[in-house]
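One structure is given here, and the rest of the page talks about it.
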2 protein chains.
Amino acid sequence: MVANAGPAPRTRQRAKSSQMHARIVDAFIECLDRHGYAAASIGRVLDCAGVSRGAMQHHFPAKADLVVAVAERLMQTSLEVVAVSARRRERVVADELAAMWTRLVDTRAYRALLEILNAMRTDAALRARVQPTLAHWNEAFERRALVLYRPAGGDPAEVRELLVLVRCALRGLVIQASIAPDAALTRAVVRRLIDLVAPRLLPRDADAPAEPSPAPARTAPRRA
Amino acid sequence: MVANAGPAPRTRQRAKSSQMHARIVDAFIECLDRHGYAAASIGRVLDCAGVSRGAMQHHFPAKADLVVAVAERLMQTSLEVVAVSARRRERVVADELAAMWTRLVDTRAYRALLEILNAMRTDAALRARVQPTLAHWNEAFERRALVLYRPAGGDPAEVRELLVLVRCALRGLVIQASIAPDAALTRAVVRRLIDLVAPRLLPRDADAPAEPSPAPARTAPRRA
DNA sequence: TTCAAAACAGTACGATCGTATTGTTTTTGC
DNA sequence: GCAAAAACAATACGATCGTACTGTTTTGAA
């Protein structure tokens with residue numbers, strides 16, 4: 001529950017504290033990515049971060065606190081990544097979706113988050129604690145999406161459902177790419193997904209016309 | 001490595017043995033689905049199956065043996081499910097994809113398999129042991145797919161890539177549906193996926209013409 | 001019938017997990 | 001400067017994990 005955000009640490013103590021806090025969190029993220037949720041034990045995180053057991057106990061009285069803190073930080077980070085990616089002026093839908101893979105999903109941070117999300121499936125207590133942040137995360141995504149895109153088919157639910165579909169597909173692709181590494185296939189699948197979804201999402205404020213997409217985009221024209 | 005398939009058990013001993021074998025495997029699958037990979041400990045499986053530690057030791061000397069056996073059984077089972085689903089005469093692509101969700105993915109068995117697949121991401125030893133079966137599994141899927149479907153775009157790689165996309169999307173949707181249960185949204189996303197993919201997969205042997213798909217299928221016409 | 005092997009049962013052991021506990025250093029408010 | 005609190009360090013403990021080990025029953029071939 002320690003507020004990590006902001007330039008807060010005025011005193012010297014809080015500076016050291018939040019620095020240690022960040023070291024633990026970063027180490028846990030790395031352990032999640034490299035060893036998975038089950039093997040991301042406290043001892044391993046301690047070794048990875050180079051901190052003592054007492055420090056861990058002080059900042060995170062229980063392991064669940066650490067997991068929740070990391071989950072919340074990862075979700076916040078992912079929102080920032082998406083925001084940065086959208087602040088660009090180009091606004092080509094296909095490029096934004098492609099960036100969603102390279103900059104957001106195919107990332108150490110997202111793989112770590114995926115481990116937590118998957119753990120939430122069977123851990124009711126964890127699910128209950130992360131649920132609020134997760135809901136806020138989803139809402140933020142959808143609110144942004146509805147501002148940026150309008151459905152090609154006219155159905156207002158289409159944007160939301162398509163973006164859930166994209167997220168799920170990329171999520172599943174992370175696992176696929178990890179257990180059967182085939183970079184060419186992975187790239188091809190991402191492109192297929194984009195070719196299918198992008199024509200149905202039209203940019204809302206036309207700073208640039210950016211792909212009016214009258215044609216259903218047959219066989220991946222290598223992007224316009 | 002005990003051959004599970006076939007009507008083999010001629011003797012009384014082998015009958016009992018394979019029965020016990022199946023009980024352990026089934027219990028492990030249920031534990032994987034309900035508690036996740038990390039919490040699917042031997043003790044829990046023992047309680048769930050109601051067998052002794054000695055029996056477990058006899059049939060599966062190490063836990064990895066159990067995991068591998070279960071992974072292989074689950075993959076084999078999923079192949080059978082797909083085969084049954086394809087033997088029907090209707091051959092409507094959209095229906096087949098829909099069945100892939102309800103009969104294959106949204107299933108206790110597949111959730112268990114997903115736990116193992118996800119564990120393979122970070123467990124190199126497990127990945128190495130399951131890799132051959134996994135490769136065979138993927139090949140079988142793709143071979144069948146290439147027999148049943150032809151690409152609407154002419155690109156022969158399209159069928160393979162689209163089916164990988166479908167599998168990944170449904171895989172990610174399993175997690176989504178578990179951590180944020182919204183049955184309506186889940187169904188809607190599955191339908192969106194089908195509406196996007198089905199028009200690009202044409203049935204090969206036209207027992208029935210079954211959806212020639214000249215129109216790109218705009219807003220989910222509730223299935224033909 | 002006999003005997004060895006398979007099948008199962010139950011206990012024991014070392015390792016590791018998460019957490020509680022106690023002690024030491026550093027920082028801060030007064 | 002000083003007491004209190006925060007921050008960090010280090011050890012200890014109970015629980016659980018996976019596996020090894022020893023005993024008992026059942027089975028199949030001779």
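Residue numbers start from 1 in every chain, and the chains themselves are labelled A, B, ... in the order their sequence lines are given, proteins ahead of strands.
- For D/dA7, one of the phosphate oxygens OP1 or OP2 lies less than 4.0 angstrom from a side-chain nitrogen or oxygen of A/Ser17.
- In this structure A/Thr186 satisfies the side chain to side chain donor-acceptor pair (under 3.5 Å) test with no other residue, sequence neighbours excluded.
- Protein atom CZ of B/Phe60 is 16 Å distant from nucleotide atom C1' of C/dA6, rounded to whole Å.
- Tested against B/Tyr149, the residues B/Glu96, B/Glu158, B/Arg204 include a single side chain to side chain donor-acceptor pair (under 3.5 Å) partner, B/Glu96.
- For the pair A/Met56 CE and D/dT11 C1', the computed distance is 17 Å after rounding to whole Å.
- For the segment residues 32-51 of chain A, the set of residues with a heavy atom within less than 4.0 Å of an atom of DNA chain D is empty.
- Atoms NE2 (B/His59) and C1' (D/dG18) sit 18 Å apart, rounded to a whole Å.
- In this structure A/Gln57 satisfies the side chain to side chain donor-acceptor pair (under 3.5 Å) test with no other residue, sequence neighbours excluded.
- Atom pair A/Asp123:CG and C/dG18:P shows a separation of 13 Å (rounding to whole Å applied).
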Enumerate donor-acceptor pairs with a distance under 3.5 Å from any side-chain N or O in residues 26-34 of chain B to protein atoms, sequence neighbours excluded.
from, atom 1, to, atom 2, distance (Å)
B/Asp26, OD1, B/Arg73, NH1, 3.0
B/Asp26, OD1, B/Arg73, NH2, 3.3
B/Asp33, OD1, A/Arg121, NH1, 3.3
B/Asp33, OD1, B/Arg111, NE, 2.8

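- Residue A/His21 places no side-chain N or O under 4.0 Å from the OP1 or OP2 atom of D/dA7.
- Residues that satisfy the side chain to side chain donor-acceptor pair (under 3.5 Å) test with B/Glu139, not counting sequence neighbours, are absent from this structure.
- Here the C1' atom of nucleotide D/dA15 and the NZ atom of A/Lys63 are 15 Å apart, to the nearest Å.
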Going 5' to 3' through nucleotides 21-30 of chain C and flagging B where a protein heavy-atom sits under 4.0 Å of the base, S where only the sugar-phosphate is that close, and - otherwise, we get ------SS--
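- B/Thr133 pairs by the side chain to side chain contact (heavy atoms under 4.5 Å, CB included) definition with B/Glu72, B/Met75, not counting sequence neighbours.
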What nitrogen or oxygen pairs link the protein and nucleotides 12-14 of chain D at under 3.5 Å?
none

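- For B/Gln131, the side chain to side chain contact (heavy atoms under 4.5 Å, CB included) partners are B/Arg127, B/Leu134, not counting sequence neighbours.
- The side chain to side chain donor-acceptor pair (under 3.5 Å) test applied to B/Glu80 returns B/Gln76, not counting sequence neighbours.
- B/Ala140 pairs by the side chain to side chain contact (heavy atoms under 4.5 Å, CB included) definition with B/Leu79, not counting sequence neighbours.
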Give the table of side-chain donor-acceptor pairs shorter than 3.5 Å for residues 165-176 of chain B, with sequence neighbours excluded, one pair per line with atom names and distance.
from, atom 1, to, atom 2, distance (Å)
B/Arg167, NH2, B/Asn138, OD1, 3.0
B/Arg171, NE, B/Tyr110, OH, 3.4
B/Arg171, NH1, A/Gln176, OE1, 3.0
B/Arg171, NH2, A/Gln176, OE1, 3.4
B/Gln176, OE1, A/Arg171, NH1, 3.0
B/Gln176, OE1, A/Arg171, NH2, 3.4

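- Comment: B/Asp123 does not engage B/Arg129 in a salt bridge, judged by the lack of any side-chain N to carboxylate O separation of less than 4.0 angstrom.
- Between B/His58 and C/dC8, a side-chain N or O to OP1/OP2 separation shorter than 4.0 Å is absent.
- Between the CD atom of B/Gln19 and the C1' atom of D/dT26 there is a distance of 15 Å, given to the nearest Å.
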